[in-house]
Protein chains: 2
Amino acid sequence: MKENEKLVGRCPYVTAQKVLSGKWSLLILHYISEKTLRFNELQRLMPDLTQATLTRQLRALEENGLILRKVYHQVPPKVEYSLSDIGIEFNEVLEKLEVWGKKYIQSHFQAHLEPDI
Amino acid sequence: MKENEKLVGRCPYVTAQKVLSGKWSLLILHYISEKTLRFNELQRLMPDLTQATLTRQLRALEENGLILRKVYHQVPPKVEYSLSDIGIEFNEVLEKLEVWGKKYIQSHFQAHLEPDI
DNA sequence: CTGCATCCTAGAGGATACTG
DNA sequence: CAGTATCCTCTAGGATGCAG
């Protein structure tokens, strides 16, 4: 689980893989890319994550420099998440990924399902 | 670890995340996208994976329909890996990802290191 | 509202040895 | 050459409860 560490920071693919390893990272980035969001807004958008997990994923993305965390010191607390510069650049990837993901779903899940989320 | 299963096949991001969850999947796809490769060629390109791990990653990519596995029944055996149709389409993502990954590395790893792999 | 602390489990992936 | 078969460790992430 640690043998690719030496490639992080050198190989763009290994580095990207590492940064995006969170199970929900792509979805979170997608939502935040559309609009700055508060913690509970993200929760409502993704009811399948627990609070603890959402927190961890957000921390990881923040530590990796993809998102910004702005805290309003007030009661009750308010925290907003937005994309960093490099996070904004990731939109290019996200767009291609969405297109590809839809094609993939079309070709692998032929059943009629509810619309995308 | 199973709570996003219901979104696989519906949400392109969750689906993509799942398909690409292997630690080496992006790198493997990158190499195969350039050229059909044999098992031992992949091994030599990525000396950090053990045989067992490489096999598992390839199996996963094959099961997810991204790569093709062609077996030549001869002695010694010969197996070639190449991209499937949907795998070829993934090149669009890969290209953007590589560009972004390099930018990310530039902005986060300022030290002078050996060239990319 | 936005977390952190704790516990727990599944499974990814590394190491090593063996095989048709 | 291209794998299996084991074993073992580690950590991501789910569940739940508490807190400023």
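Naming convention: chains lettered A, B, ... in sequence-line order (proteins, then strands); numbering from 1 in each chain. Not measured: the values here are computed from a predicted model.
- Rounded to whole Å, the distance from CZ on B:F39 to C1' on C:dG20 is 15 Å.
- The CD atom of A:Q43 sits 10 Å away from the P atom of C:dG3 (whole-angstrom rounding).
- If you measure from atom CG of B:D48 to atom P of C:dG14, you get 9 Å, rounded to the nearest angstrom.
- If you measure from atom NZ of A:K23 to atom P of D:dG13, you get 6 Å, rounded to the nearest angstrom.
- Rounded to a whole Å, the CD atom of B:E63 is 14 Å from the C1' atom of C:dA12.
- A:T53 has a side-chain polar atom (N or O) that falls below the 4.0 Å cut-off from OP1 or OP2 of D:dG14.
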Would you list the protein and nucleotides 4-9 of chain D atom pairs, both N or O, that sit under 3.5 Å from each other?
| unit_1 | atom_1 | unit_2 | atom_2 | d |
| --- | --- | --- | --- | --- |
| D:dT4 | OP1 | B:R59 | NH2 | 3.1 |

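- Side-chain nitrogen and oxygen atoms of B:R38 include at least one within less than 4.0 Å of the OP1 or OP2 phosphate oxygen of D:dA2.
- For the helix from C:dC1-D:dG20 to C:dG20-D:dC1, the end axes, each set by the C1' atoms of five terminal pairs, are bent relative to each other by 60° (nearest 10°).
- The salt bridge (charged side-chain N to carboxylate O under 4.0 Å, His left out) analysis of residues 29-44 of chain B, with sequence neighbours excluded, yields the pairs B:K35-B:E41.
- Residues passing the side chain to side chain donor-acceptor pair (under 3.5 Å) test with A:T50, sequence neighbours excluded: A:T53.
- A search for salt bridge (Lys or Arg N to Asp or Glu O under 4.0 Å) contacts involving A:E62 returns nothing, not counting sequence neighbours.
- Taking only side-chain nitrogens and oxygens, B:Y81 comes nearer than 4.0 Å to OP1 or OP2 of D:dG3.
- Partners of A:Q43 according to the side-chain contact (heavy atoms from CB on, under 4.5 Å) rule, which considers only residues two or more places apart in sequence or in another chain, are A:F39, A:N40, A:Q51, A:L54.
- Scanning for side chain to side chain donor-acceptor pair (under 3.5 Å) contacts around B:S25 gives A:Q17, with sequence neighbours left out.
- Spacing between atom CD of A:E41 and atom P of C:dG3 amounts to 13 Å, rounded to whole angstrom units.
- Although no hydrogens or angles enter the test, the distance criterion places no donor-acceptor pair under 3.5 Å between the side chain of A:T15 and the main chain of B:G101.
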Using atom types as modelled, flag every donor-acceptor pair under 3.5 Å from a side chain in residues 69-80 of chain A to any protein atom, sequence neighbours excluded.
| unit_1 | atom_1 | unit_2 | atom_2 | d |
| --- | --- | --- | --- | --- |
| A:R69 | NE | A:Y81 | OH | 3.3 |
| A:Y72 | OH | A:E80 | OE1 | 3.1 |

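- Atom CD1 of B:I67 is separated from atom P of D:dA2 by 14 Å (rounded to the nearest Å).
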Do B:E63 and B:R59 pass the salt bridge (charged side-chain N to carboxylate O under 4.0 Å, His left out) test, and can you show the C-alpha distance, the side-chain angles, and the key distance before you say yes or no? CA-CA 6 Å; B:E63 277 166 31; B:R59 287 291 175 284; over 6 Å; no
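- Checking the phosphate oxygens (OP1, OP2) of D:dG13, a side-chain nitrogen or oxygen of A:Q57 falls inside 4.0 Å.
- Per the geometry, CG belonging to A:L49 stands 6 Å off P belonging to D:dG14, to the nearest Å.
- Considering only residues two or more places apart in sequence or on other chains, B:K103 meets the salt bridge (Lys or Arg N to Asp or Glu O under 4.0 Å) condition with A:E89.
- Mapping A:P77 and B:R44 onto DNA chain D via the closest heavy atom, the residue that lands nearer the 5' end is B:R44.
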